[in-house]
Asker: 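My questions will all concern the structure given below.
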Protein chains: 2
Amino acid sequence: MMTPVRARPLVVEPIRPTDPCTNCEARSFSVCNAIEAKDLERLAALAVPLAIDAGRTFIEEGDTAEHFFNVTAGTAKLFKLLPDGRRQITGFACVGTFLGLAVSSTYAFGAEAVEPMRVCRFSRAKLKALLDDFPAMEKRLLEVASNELVAAQEQMLLLGRKTARERLASFLVVRAVNMASGVLPCSSRPADKVTLPMTRSDIADYLGLTIETVSRTLTRFKSERLIDIPSASEIAIRDFAALEGLATGLN
Amino acid sequence: MMTPVRARPLVVEPIRPTDPCTNCEARSFSVCNAIEAKDLERLAALAVPLAIDAGRTFIEEGDTAEHFFNVTAGTAKLFKLLPDGRRQITGFACVGTFLGLAVSSTYAFGAEAVEPMRVCRFSRAKLKALLDDFPAMEKRLLEVASNELVAAQEQMLLLGRKTARERLASFLVVRAVNMASGVLPCSSRPADKVTLPMTRSDIADYLGLTIETVSRTLTRFKSERLIDIPSASEIAIRDFAALEGLATGLN
DNA sequence: CGTGCTTTTGAAAATCATCAAGTATAGTGG
DNA sequence: CCACTATACTTGATGATTTTCAAAAGCACG
């Protein structure tokens with residue numbers, strides 16, 4: 001159940017293109033777009049691009065927080081653990097997500113790559129110094145934090161008050177909406193296909209359920225013609241409206 | 001179960017002392033202390049101090065977010081609702097708490113006074129403008145948001161993975177620690193008495209349980225000599241260490 | 001001293017977890 | 001390319017924690 005400890009050093013295959021930021025395909029999604037093109041050089045000087053293998057833990061809960069991370073490719077799961085191994089995944093970080101916001105000196109959560117990832121790593125101290133020169137970026141960070149706070153509140157509602165069916169429906173609906181907005185101009189219709197790079201165990205730990213309940217609920221959705229399950233990591237949405245109704249508790 | 005709608009206008013007994021900020025007893029707890037004494041006048045010009053009756057909803061989920069609030073006395077519960085009335089309380093806002101952080105134009109949560117409250121109300125637009133002149137305050141807001149994010153993650157762990165006993169123990173432990181730090185110099189020993197201004201229903205909706213489970217669990221704690229219950233709104237901590245062990249899942 | 005609310009306590013029911021196989025799927029090495 | 005193994009996923013039976021339903025006991029307030 002628990003993540004095996006890897007002995008290898010963290011830095012895996014560092015990449016050093018001429019200018020990591022200017023052509024960064026993740027910039028438009030991320031906090032970095034608060035910085036104008038002419039100033040990108042200063043940001044680039046701080047950014048250490050890294051490749052991270054799937055399954056690797058790159059933030060350990062409780063470690064001293066020396067770095068910020070910005071996800072440029074792939075997906076990570078963020079989690080908190082109880083001493084006996086119980087795990088709560090607090091979110092999935094995809095392209096553009098900024099990690100490491102914490103006032104305290106230690107990370108309040110762990111992070112592990114779900115898929116092979118690319119991230120930009122920043123020294124906390126240096127980036128904080130940089131923030132003094134770019135108030136726009138600080139504003140952007142506040143926006144990001146506020147958005148995450150809203151998402152966290154929504155997740156508390158899910159964990160505290162929704163049934164297993166409602167939780168899975170919510171999960172699929174959010175995924176479908178996010179997948180669509182990533183590709184198409186914002187706020188279009190939801191995707192009709194959802195990919196699940198994470199395992200059933202991850203989904204369970206995200207929704208506060210067990211893998212069995214996740215599996216059973218998805219099979220039931222399928223038998224109700226709400227979804228299709230072409231493969232374990234792919235879900236086709238057949239009745240988005242019904243799922244949305246379920247997700248919002250309209251039964 | 002649902003909060004009755006009040007017909008009265010929101011603004012209850014506005015207070016207008018000569019300078020609401022300089023002598024504000026909540027300033028040291030709040031974001032306002034990011035502003036130096038000489039600049040307090042500009043902040044004071046924006047602050048509208050209000051008194052709010054217990055039970056009054058002063059932020060309605062979904063309403064257009066026109067104001068920020070800063071709690072100067074009393075306690076509020078913040079919550080999200082499902083259409084059928086299920087409620088999740090996402091937090092309790094006490095003295096010093098800043099409310100209204102939201103990027104979107106509408107509030108993502110509702111807020112209702114648990115006790116009689118005093119708050120300072122700010123126009124969002126005006127306060128945002130003020131932020132441009134006081135980057136220190138923006139930094140402070142980011143800190144606040146980061147702290148809330150950490151708390152939210154902790155609450156997700158509680159809601160998703162802890163048992164009823166562990167949830168109640170966590171709740172009491174956090175309260176005991178907070179009560180102590182409010183009165184005494186920070187990071188001293190936890191309070192040996194905890195006041196619960198909120199109802200059992202509020203506690204249940206905060207912990208993702210029912211009032212019956214909250215009541216039963218507390219009585220069981222009492223029979224196990226972990227606490228005493230002199231009155232429904234007052235709990236004496238008899239074995240803090242045991243509660244803390246429970247809270248962290250050490251059984 | 002009722003009246004209405006909150007809280008407590010009890011019994012029954014239900015959702016979800018646990019335990020236990022069995023079935024896919026993917027990765028490995030022959 | 002194909003067994004072979006390990007892992008992930010699904011499915012079934014049972015069980016337990018928590019909810020639901022019900023009612024009594026406390027408390028606050030007029």
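From a predicted model like this one, the values you see are computed outputs, not experimental measurements. Lettering of chains follows the sequences in order, A, B, ..., and the numbering in each one begins at 1.
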Asker: Could you tell me how far apart B/Asp205 (CG) and C/dT6 (C1') are, to the nearest whole angstrom?
Answerer: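 To the nearest whole Å, that distance equals 14 Å.
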Asker: How long is the line joining CD1 of A/Ile229 and C1' of C/dA24, in whole Å?
Answerer: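 Those two atoms, CD1 and C1', are 13 Å apart.
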Asker: Looking at A/Thr210, does any N or O in its side chain come under 4.0 Å of the phosphate oxygens OP1/OP2 on C/dC16?
Answerer: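 For A/Thr210, the contact criterion (side-chain N or O under 4.0 Å from OP1 or OP2 of C/dC16) is not met.
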Asker: Of B/Arg161 and B/Ile211, whose closest DNA chain C nucleotide lies nearer the 5' terminus?
Answerer: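 Whichever sits nearer the 5' end wins; that is B/Ile211.
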Asker: What contact category does B/Thr213 fall into here, base, sugar-phosphate, or nothing, at under 4.0 angstrom with non-hydrogen atoms?
Answerer: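 Answer is base: heavy atoms of B/Thr213 come under 4.0 Å of a base.
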Asker: Can you measure B/Arg86 atom CZ to D/dT19 atom P for me and round it to whole angstrom units?
Answerer: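 Computing the B/Arg86:CZ to D/dT19:P distance gives 13 Å.
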Asker: Between B/Met198 (CE) and C/dC5 (P), how many Å, whole number?
Answerer: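 So the two atoms are 22 Å apart, to the nearest Å.
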Asker: Without decimals, in angstroms, what is the distance between B/Asp202 CG and C/dT6 P?
Answerer: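 Taking atom P of C/dT6 as the reference, CG of B/Asp202 is at 10 Å.
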Asker: Can you tell me how far C1' of D/dC9 sits from CG of A/Leu209, to the nearest Å?
Answerer: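 The answer, rounded to whole Å, is 16 Å.
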Asker: Need to verify one output field. Residue with the more 5' nearest nucleotide on DNA chain C, A/Glu212 or A/Arg167?
Answerer: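 Result of the comparison: A/Arg167.
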Asker: With heavy atoms under 4.0 Å as the rule, sort B/Thr219 into base, sugar-phosphate or nothing.
Answerer: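 Counting heavy atoms under 4.0 Å across all strands, the contact made by B/Thr219 is with sugar-phosphate only.
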Asker: In whole Å, what is the span from the CZ atom of B/Arg200 to the P atom of C/dC5?
Answerer: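 Rounding to the nearest Å, CZ of B/Arg200 and P of C/dC5 are 19 Å apart.
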Asker: Using only side-chain N and O atoms of B/Arg216, determine if any of them is under 4.0 Å from OP1 or OP2 of C/dT9.
Answerer: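 It does not, given that no N or O in the side chain of B/Arg216 lies less than 4.0 Å from OP1 or OP2 of C/dT9.
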Asker: Atom CZ of B/Arg220 to atom P of C/dT9: distance rounded to whole Å?
Answerer: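 From B/Arg220 CZ to C/dT9 P: 14 Å.
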